[in-house]
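Have a look at the structure below, then the notes.
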Amino acid sequence: MRTLLLAPDAVGIARGAALLRAGGLVAFPTETVYGLGANAADPSAVARVYAAKGRPADNPLIVHVPSVESMAEWAVPDERARELSKRFWPGPLTLVLPGRGLMAAQTLALRMPRHEHALSLLRAADRPIAAPSANRSGRPSPTSARATLSELGGRIEAVLDGQDAEVGIESTVLDLTEPQAAILRPGGISSEEIGQVLGEKVGQAARHARSPGVRYRHYAPDVDVLLLSGDDRSALRAAAEQALSARGGSWYIGLADTAPAGARGLVAASVSDLQKALYAALLHAEREGAPLVAVLPPASPEAAGVIDRMVRAAGKEVRAREDLEE
Ligand code: AMP
Ligand code: MG
């Protein structure tokens, strides 16, 4: 199959919407990462999403909607969902709610993306659009049209062209099906921001489910990724220096304060810069065949999303001190 690259103009969006209505797969830009769109009400289109991504059948998809109001067409929002969508939609927050109608027996994850072309495509398609990240399962998500084409080209009908994603990691997934709201996946909106709107503490389901999550790699490129973490930033920098010098041509991904002098890779000035460029850097290191990528998570609590992706890209954690003692 030849994958079309559609311009994000009226013609390209109309073409993408027609493909979606006909059961096709159309990737499109959002503010988080590029998504792989399909008509959520068409079981064969949804089955093709799982096949194109190689996604395990028990991992459900997020349905994307073009407005706050459309939330109530597919799910049963409570007061918390209304408050949170009013505050954070459009934006990188996915709400898991009880389903409505055909979905009444299930829960449903819903999000309204903060991206002009994504919203135009959703409105033009006039269908609920399931859109997981446009990566093959287990790999880093693409944050550009080019990375999307190299990930899924030949497997899907089209990619809607656009700018690089501005957030860089996937949305925060918040479970609202229980009395205590709980984060299932950290992301673009922090649990503190959510807690402020709800006026109560938000649970951290991801923390409890941490060991099963860490058992398999996710967001991982096809190179060795070494995670170095710890509280002592200068010990961390020393550990990175040691790891990088052991294998020439290795990459560093982290903030400037823990970067060895002259490190190749991603030396980020802020948590948001690191978050935005993380996946592209992992994919770049893979393309270059780097022998090792040393990733160093930031220390700040608002970095929960990017820390989660770094830990899971590595699939294991190495404390700086143990590493130095080797
Ligand atoms: P992705 O589509 O790749 O952005 O991943 C979607 C995330 O949302 C995954 O972590 C799913 O497990 C989660 N998700 C989607 N639907 C549900 C649901 N109904 N209940 C709980 N989690 C969900
Ligand atoms: Mg994903």
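Order of appearance sets the numbers: ligands from 1, and atoms from 1 within every ligand. Owing to the predicted nature of the structure, the values given are computational and were not obtained by experimental measurement.
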Q: Look at the N, O or S atoms of S141, main chain and side chain alike, and state whether any lies under 2.8 Å from the Mg ion (ligand 2).
A: no
Check each heavy atom of [X] against ligand 1 and say whether those closer than 4.0 Å belong to the side chain, the backbone, both or neither.
X: T107; value: both
X: N59; value: side chain
X: L184; value: side chain
X: H64; value: neither

Q) Counting both backbone and side chain atoms, is some N or O of E170 under 3.5 Å from an N or O of ligand 1? A)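 E170 vs ligand 1: no N/O contact under 3.5 Å.
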Would you check if there is a donor-acceptor pair between the side chains of [Y] and [X] at a distance under 3.5 Å?
X: E170; Y: S141; value: yes
X: Y252; Y: T258; value: yes
X: T94; Y: S171; value: yes

Q. If you draw the axis of the six-membered ring of Y219, does the NZ or CZ of R312 fall within 45° of it and under 6.0 Å from the ring centre?
A. no
**Q.** E288 bridged to R264 by N-O distance under 4.0 Å
**A.** yes
Q | Carboxylate-amine/guanidinium proximity below 4.0 Å for E31 and R111 | A | yes
Q) Does some non-hydrogen atom of Q106 fall short of 4.0 Å from ligand 1? A)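 Under 4.0 Å: no for Q106.
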Q) By number and element, which atoms of ligand 1 are closer than 4.0 Å to a non-hydrogen atom of I62? A)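 Under 4.0 Å from I62, ligand 1 has these atoms: 4 (O), 6 (C), 8 (O).
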